[in-house]
There are 2 protein chains.
Amino acid sequence: MVTIKDVAKAAGVSPMTVSNVINDHPNVRGSTRAKVLEAMARLDYRVNVAARNLAKGSTGTIGLAVPEVNSPYYSRLAAAIIAAAERRGLRVSIEQTASRDNELDALSLSRNRLYDGLILTAAGMRQADAERLRVDHPVVILGDRIFGAPVDHVAMPNLEASRAATRHLIERGCRRIAFLCGAVEEVDTSSLRLTGYRQALAEAGLSTDPALIQQVDRLGMREGAGRAREMAEGGLDFDGVFCVTDSLAMGVLRGLADAGIRAPDQVKVIGFDNVTESEYFIPSLSTIDPDHDGMAERAVDLLLQRIEQTEPPTRQQDFIGDFSLVIRESTGG
Amino acid sequence: MVTIKDVAKAAGVSPMTVSNVINDHPNVRGSTRAKVLEAMARLDYRVNVAARNLAKGSTGTIGLAVPEVNSPYYSRLAAAIIAAAERRGLRVSIEQTASRDNELDALSLSRNRLYDGLILTAAGMRQADAERLRVDHPVVILGDRIFGAPVDHVAMPNLEASRAATRHLIERGCRRIAFLCGAVEEVDTSSLRLTGYRQALAEAGLSTDPALIQQVDRLGMREGAGRAREMAEGGLDFDGVFCVTDSLAMGVLRGLADAGIRAPDQVKVIGFDNVTESEYFIPSLSTIDPDHDGMAERAVDLLLQRIEQTEPPTRQQDFIGDFSLVIRESTGG
DNA sequence: TTGTAGGCGTTATCAA
DNA sequence: TTGATAACGCCTACAA
């Protein structure tokens with residue numbers, strides 16, 4: 001392996017001078033710089049990032065931990081975060097967590113100075129894990145599982161947005177609206193959105209039929225399709241479905257089609273996330289747009305603040321993003 | 001920051017003993033181990049991965065560089081690679097390259113010992129860049145852009161698969177089959193598949209109408225939809241479309257619907273990739289399944305061989321995966 | 001079973 | 001403008 005010392009020897013200068021050239025420091029005479037550059041090229045020298053990280057104590061890259069990589073939502077989010085980070089001169093490196101254990105793992109990894117900071121989208125952690133988030137490294141949590149934890153937090157306006165989605169279905173004439181979600185626990189995406197759904201129904205003077213609240217164990221297309229078929233074939237009476245994710249909603253559209261039910265004529269469907277695919281699905285999917293870019297921007301900002309802040313760790317900050325209702329064919333255009 | 005020395009001091013042992021405990025070395029007395037463990041917990045010690053990497057010269061993680069993170073195909077691929085790597089005890093960390101320059105960047109990064117090896121899915125590199133791939137670090141190229149480069153290479157059976165897809169459309173009665181692809185250059189996905197398409201037409205005694213060969217500059221849903229509308233509204237005569245990616249194909253289905261054309265009745269559509277979404281799309285999408293898992297498995301294997309191999313770099317290896325034709329609604333079920 | 005010495009490749013500091 | 005020295009935190013090799 002060619003090191004800085006080899007280059008120094010070849011160029012007839014000290015290692016320090018080579019380092020200065022590499023890092024574009026001023027105060028290097030032009031002729032010296034040229035000599036060094038030439039030696040670097042000749043020996044095909046590359047910096048050793050591990051060594052540099054150790055010496056500098058920082059890496060210039062942040063970590064992004066997501067539960068699942070093959071998911072339209074997390075993909076969209078990751079793209080937004082990469083763009084936001086790039087604007088600030090940071091690289092991002094993505095890891096899949098896939099479980100609560102791995103989420104906690106990811107936390108210690110970041111602490112280990114592999115990254116300057118970590119954006120963690122927590123899906124498996126529970127409220128009870130909040131204390132484990134008290135790490136001495138920059139961390140921002142993205143998502144709805146954890147509140148009151150000692151870290152910065154970026155979340156969606158779940159309750160409001162969910163009310164708006166449900167209200168939209170009501171305005172389009174739905175009276176028996178199903179709610180499709182994941183396991184409902186203490187505080188999480190499903191439970192917050194369930195509350196919004198209930199509020200909207202109540203405000204419209206509609207009753208909440210427990211049979212209409214459907215839980216599945218993964219928020220994917222497969223589960224949406226399967227459950228929709230079961231609902232249709234089981235004779236459940238419903239004329240609208242609000243799904244907590246777009247993946248679920250696209251699955252539902254598929255399941256309804258399988259069961260011979262026409263959307264939006266017989267049943268209207270709305271999702272949540274405004275994933276790239278939802279615009280092109282047939283029928284195109286009405287949904288809630290959670291302003292991915294805004295959230296990403298904010299998450300990276302908060303993280304950068306923590307990274308750059310040297311002194312007295314300031315109070316934990318929360319940020320709740322914007323949202324907008326996107327009306328497409330699945331609710332009647 | 002708590003270091004190994006602090007722990008050693010607190011536990012009344014030498015730093016080396018702490019290191020031995022951390023790395024589960026034998027030859028540490030139970031009582032000593034307990035003391036050290038206790039001190040580690042008390043001080044909330046975490047290893048510094050950067051330092052460990054530098055000292056060991058390896059990291060236990062491999063890099064995966066993809067052109068785009070928010071893409072069903074690359075997401076699916078990434079998931080497969082993560083699974084394959086996990087089975088072999090490796091972590092993977094994903095980076096978005098987004099351009100040819102960044103692809104070349106990713107190459108040097110890996111060389112810099114941030115990762116033990118790199119799987120690079122090259123979309124922007126040209127054949128002319130092949131020589132730049134001569135790096136002294138483990139690298140595996142996934143994709144079709146580069147041939148004859150001095151690195152291991154995993155690719156799809158583009159020509160065969162593309163013939164099979166086209167043949168399928170012909171068997172279903174299509175006579176005017178459009179081919180939708182990206183820019184066709186020297187050797188790449190689009191050009192290889194174009195050849196397969198032409199062969200299938202020739203074998204069936206059909207002529208190739210240049211007007212049916214449609215190029216777009218990105219292989220996404222938006223481009224597919226836009227072009228399909230143009231083709232329909234421009235009065236192009238076609239009864240089948242073979243798209244080089246599923247994203248493109250789903251976009252085409254959308255575009256056809258916008259133009260009031262029914263698929264598969266009036267026009268049949270087939271894609272390539274068997275992306276997760278294609279099964280749920282309406283109509284569900286016929287496509288080529290390129291055996292993502294097999295390719296991932298193989299790519300990780302090849303990389304691991306290079307990582308573990310100490311001596312005489314053996315010859316570069318190529319691997320062409322399997323494929324299967326998946327028939328769904330978009331070509332008539 | 002434990003400890004000592006030295007080095008991994010780079011950078012910061014400060015002196016020349 | 002350049003260079004000597006001393007870290008960064010850990011691990012390998014060897015000695016006690």
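Keep in mind that this is a model prediction, so the values were computed, not measured. Chain identifiers are assigned alphabetically (A, B, ...) following the order of the sequence lines, protein sequences preceding nucleic acid strands; residue numbering begins at 1 within each chain.
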Colleague: Identify, between A/S14 and A/A51, the residue whose nearest nucleotide on DNA chain D lies closer to the 5' end.
Modeller: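 The residue closer to the strand's 5' end, by nearest nucleotide, is A/S14.
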
Colleague: Quickly work out the B/M16 CE to D/dA15 P distance and round it to whole Å.
Modeller: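 Rounding to the nearest Å, CE of B/M16 and P of D/dA15 are 16 Å apart.
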
Colleague: Has B/T3 got a side-chain N or O lying under 4.0 Å from the OP1 or OP2 atom of D/dC8?
Modeller: no

Colleague: Any base atoms under 4.0 Å from A/N23, or only sugar-phosphate, or nothing? Heavy atoms, all strands.
Modeller: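 The residue A/N23 makes sugar-phosphate contact but no base contact.
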
Colleague: Under 3.5 Å, is there a donor-acceptor pair between the A/Q316 and A/D318 side chains?
Modeller: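 Side chains of A/Q316 and A/D318: pair found under 3.5 Å.
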
Colleague: In whole angstrom, what separates B/K56's NZ from D/dT12's C1'?
Modeller: 11 Å

Colleague: Does D/dC11 have its OP1 or OP2 closer than 4.0 Å to a side-chain nitrogen or oxygen of B/S19?
Modeller: yes

Colleague: Would you kindly give the CD1-to-P distance between A/I4 and C/dA12, to the nearest whole Å?
Modeller: 11 Å

Colleague: Report the distance from atom CG of A/L54 to atom C1' of C/dC8, rounded to the nearest whole Å.
Modeller: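 Going from A/L54 (CG) to C/dC8 (C1'), I get 9 Å.
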
Colleague: OP1 or OP2 of C/dT2 less than 4.0 angstrom from a side-chain nitrogen or oxygen of B/T32, does that happen here?
Modeller: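 True: B/T32 side-chain N/O within range (under 4.0 Å) of C/dT2 OP1/OP2.
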
Colleague: May I ask you to evaluate whether A/T17 reaches the phosphate of D/dT2, defined as a side-chain N or O under 4.0 Å from OP1 or OP2?
Modeller: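 Answer no for this pair, as no side-chain N or O of A/T17 is under 4.0 Å from OP1 or OP2.
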
Colleague: Among B/E95, B/R91, B/H137, find the residue that satisfies the side chain to side chain contact (heavy atoms under 4.5 Å, CB included) test when tested with B/Y115.
Modeller: B/E95

Colleague: In whole angstrom, give the distance that lies between atom NZ of B/K9 and atom C1' of C/dG3.
Modeller: 16 Å

Colleague: Could you tell me how far apart A/D24 (CG) and C/dT11 (P) are, to the nearest whole angstrom?
Modeller: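 Distance check: A/D24 CG to C/dT11 P gives 12 Å.
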
Colleague: Any side-chain N or O of A/R52 under 4.0 Å from OP1/OP2 of C/dT11?
Modeller: yes

Colleague: What I want to check is whether the side chains of B/S75 and A/S75 have a donor and an acceptor closer together than 3.5 Å.
Modeller: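 Per modelled atom types, B/S75 and A/S75 side chains form a pair under 3.5 Å.
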
Colleague: Roughly, in whole Å, what's the span from CG in A/N27 to C1' in C/dA16?
Modeller: 15 Å

Colleague: Do A/H292 and A/Y73 come within less than 4.5 Å of each other through their side chains, counting heavy atoms only?
Modeller: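 When only atoms from C-beta onward are counted, A/Y73 and A/H292 do touch, with a gap below 4.5 Å.
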
Colleague: What is the distance from CG of A/N53 to P of C/dG9, rounded to the nearest Å?
Modeller: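 It is 15 Å, rounded to the nearest whole Å.
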
Colleague: Do A/L90 and A/L303 come close enough that some side-chain heavy atom pair is under 4.5 Å?
Modeller: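 Sidechains of A/L303 and A/L90: no contact.
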
